[in-house]
Amino acid sequence: MKRDAAHQRLFTRRALFVGVSQVVLVSALVARMYDLQVVQSDQYKVLADENRINLRLLPPPRGRILDRNGVEIATNKQNYRAVLIAEQTKSVERTLESLGKVIPITSYERTKIMRDISRNRSFVPVTVAENLSWDQFAAINVNSPDLPGLQPEIGETRHYPLGDAMSHVVGYVAAVAEADIGEDPMLQLPGFRIGKSGIERIQDKELRGKAGVSRVEVNAFGRVIRELTRRDGQPGEDVTITLDAELQKYAVARLAGESGAVVVMDVRNGDVLTLASTPGFDPLPFNVGLNQRQWQELTRDPRNPLVNKALSGQFPPGSTFKMMVAIAAMESGLTRDHSVFCNGALDFGSHTFHCWKKQGHGNLTMAAAMEHSCDIYFYDVARRVGIDKIAEIGNRFGLGKPTGIGLAAEKAGVMPTRDWKLATMGESWQQGETLIAGIGQGFVLTTPLQLAVMAARLASGYAVKPRLMHPRKGEPVPEILPVAVSPAALAVAREGMYRVSNSPSGTAYRARITGDPDFLIAGKTGTSQVRRITRYERETRVLKNEELPWAERDHAVFVAFAPYSDPRYAISVLVEHGGGGSAVAAPIARDVLKELRRLEKLPRQPARPMAADHVSGTTRG
Amino acid sequence: MSIALGERQQDMTLLQKLRNVNWLLVLLICVTASYGFAMLYSAAGGSVDPWVTRQSARFGMGLVMMLFVAMVDLRFWMRIAYPFYGLALCLLIAVDVIGTIGGGAQRWLSLGFVSLQPSELMKVALILTLARYYHGLTPEDVGRLRYLFQPFLLMLMPVGLVVIQPDLGTAILLLMGGLTVMMLAGVRWWVFGTLMAAALAAMPVFWANLRDYQKDRVFTFLNPERDPLGTGYHIMQSKIALGSGGVWGKGFMQGTQSHLNFLPEKQTDFIFTTLAEEMGMVGGLLLIALYIGILILGFAIALRARHTFGRLLAGGLITVFFVYLFINIAMVMGLLPVVGVPLPLISYGGSAMVTILLGFGFILSVYVHRDLQIPKRPGGDPF
């Protein structure tokens, strides 16, 4: 018994030790629980929410681009497509096989689909077919019982109803490049499109809108369980531009087959009504991604369909530059009665400078020299005035620097001076080069847009700037200042232009508008030479344009404003290697102006009130 | 008086035995198991299928088995302790030799109609055997060196067999259970001190013999962020679930970590996390309180028993129960490496449930036969 009691006491002591050990260990568990569930709880709550809550961006519809009359230039079209959810079908192969009977699926597409499916979890929808026609889409819907796992969907894709007529101005959207990804997380969405050129690019922020956010609960495999909250985004704004889609379409059609540009401006406020460049390109393939062949076709074409010639093409202005020389002469003290005798050639230094008319024009005053586009007269005047004065006047009329229209591709052209040549070529100016510049050849380069601005400034007497975007409501409109030249100088230039188009001996007389006395054109032809005419050719016979390869033919140029009595529109036309200005470019300008006149009379409802005109009393005859 | 009682206990009727059962302990076991059913219901997304129905059926059968074990005369259990141990050891060897591969380790023995896990049997058999061994020794003998050899052999044979399966969790349970019986039996302190020193010295050898996945678990335990997508993922997600549960929890069936499958093994090894995420620290403490209640009753039964066999058996088994719950909870809270030890009475799974209830059957049998007089040698005459 005694031994038993001792045994029991030993056991009690040992049991107490084991029990106390267990109490200590349980206390450790409780302490850890307190640490996790009270002390660090907030931190772990955040981690749990990060686990289960995903933010999904909801891209808003992209804003439309409208012309001045509300015509849609860029809009969104429903994109019919079909997605496959692998877990909803017993056999992906069989579903695809059945789908192949409804719409064509190439074996390449099939391999790609199977690869996409194997790379994603079974509940992730994989795009099987896109850009389906309505009939195909309807067929899929009708056959849906035979297509388990297949879901018809309607997405949105960018659409350009006017196609290549607007492509240079409107630009295009395409997949986001690595370099474009900035702060907007929307850009990282797969399939998101961003404006890559033209209006789509410069107005991208406005058109894009703000993404909505959907907070969804997901499980560990990424499957969406439910939507927690949703904040709708802000749809992209519609952007209205100053172009007149109808006129643009007409101009592009009129230029058909040629490589050229037509720019029409409102001389009162700078609204660009037409900014056409041909050939154009179809913006849609850029959206889905060009293939190698398409890209090579576009880039290797000698007519450069990707280049907006209206503002990126730099050409010698030819005789259209003579107004600048005339005004420079007037500003340098010569009078409109300054007369020069033209016998067809002028010897200067060791060179002989030729007039386009071999037998000469005889005695000409300033306006008549413009009417006949006599080269000798302007050689003489340019020599007297000097290149720097001519350049100064050119600058005042918007030449030699970008017009600031806002499109990135715009080029500055060249308005040469003595300093310019020394700086760029390291050589001093030769006086003979002044003579060549006097007829808009040599170093002088202009874009068709600059020529339209020049014509608009000649017409209005104000330093109007071209604009593509309508000023928003309340946006301050910069004041338009008069061009700093004397009214007399402007008057003689205008008179010369009037005579070009309306005097029977004017170079554009055949391209005048008849039967509409309220809409008389005042213009100036130009034929800018691409190649050097050799002495041998001069002595025998100057080759006609038709006898030359395309790339050696002259550029046909024409600038004009109308109506003469109360100018509203300025136009410039350039046909690359098109031949003579009077034969090729002037008729195009006339036709475009006639179309403009016709459209003017149509009852068209502007999409929204046009901004007020900012120039009044623009002309004095 | 006590002798008279003891004499009366030598042959009780079944009704007397039933009245002698510690019904409070049975009640606590049922309440705890029901708490587990509730969590299995939640883990299944608000459904009794697939876990609650099966688990409750097992529990019901286990409960009957437990009471049956409690009714059987403790002397019988003592008598068959060695054969039982022998059988369990043979089965363990059989598993190692012909056992089918399950879960990367050889643990299951397929008997055609039922899968048997001998390591589960061994948890009970080892305690039973050691209790019987020490029952036959005088306190003086316990302190003698030559009486150390046999119990260590009894303990290390199954531990070795389990380690090569490999089943680290069971090995620890066997070791802790066996050592606890030896400690309660009065083995001298210096023995445990020497063991500790030897264990520390053997660490490098032990480490070298660990399987890669076991090493991984230890690395992961030491630094869960080391591999957040691989082995560290489980423990990270478990801690996130626990921590985000906070004091009051996310609400029954509202656990995001468990229901959205961020939590692994939410119904088995990590069910404590499921519980503490939804019921918060309050719910976790409630479960721990239930466990503490069971532990107190277990120790009370051990202390109350008037024979060494009963004291050691109850004390050893209740400690095995403790080791189960401690390792599991410490593991899900990132205090211990991940070893496959379920949460007793709560985790979904049949084997552990049978083992635990079998153990409680013996504890209850000790209580029913608390005043029994058991001779040093079975079959010997106690009078």
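By convention in this document, chain letters (A, B, ...) are assigned in the order of the sequence lines, proteins followed by strands, and residues within each chain are numbered from 1.
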Side-chain contact test, heavy atoms from C-beta onward, threshold under 4.5 Å: evaluate it for A/Tyr44 versus B/Glu277 and give yes or no.
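Answer no - side chains too far apart.
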Name the region of [X], side chain, backbone, both or neither, that has any atom closer than 4.5 Å to a heavy atom of chain B.
X: A/Ile225; value: side chain
X: A/Tyr34; value: both
X: A/Glu217; value: side chain

Is a side-chain donor or acceptor of [X] paired with a backbone partner of [Y] at a separation under 3.5 angstrom?
X: A/Ser41; Y: B/Ser244; result: no
X: A/Gln37; Y: B/Ala276; result: yes
X: A/Arg14; Y: B/Val187; result: yes
X: A/Arg32; Y: B/Met333; result: yes

Supply the atom-to-atom distance B/Ile329 CD1 to A/Leu29 CG, rounded to the nearest 0.5 angstrom.
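Reported to 0.5 Å precision, the distance equals 5.5 Å.
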[X] versus [Y], closest heavy-atom pair with distance:
X: A/Met33; Y: B/Leu285; result: CE-N, 3.7 Å
X: A/Ala15; Y: B/Leu303; result: CB-CD2, 4.0 Å
X: B/Leu312; Y: A/Phe11; result: CD2-CE1, 4.0 Å
X: A/Val218; Y: B/Leu260; result: O-CD1, 3.4 Å

If you count heavy-atom pairs under 4.5 Å between each of A/Val39, A/Asn51, A/Val26, A/Leu10 and chain B, which one has the most?
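Greatest number of close heavy-atom pairs with chain B: A/Asn51.
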Under the side chain to side chain contact (heavy atoms under 4.5 Å, CB included) test against A/Gln22, which residue among B/Leu295, B/Thr180, B/Val323 passes?
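When side chain to side chain contact (heavy atoms under 4.5 Å, CB included) is applied between A/Gln22 and each of B/Leu295, B/Thr180, B/Val323, only B/Leu295 qualifies.
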Report the option among B/Met183, B/His259, B/Gln257 that has the most heavy-atom pairs separated by less than 4.5 Å from atoms of chain A.
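Ranked by heavy-atom pairs under 4.5 Å with chain A, first place is B/Met183.
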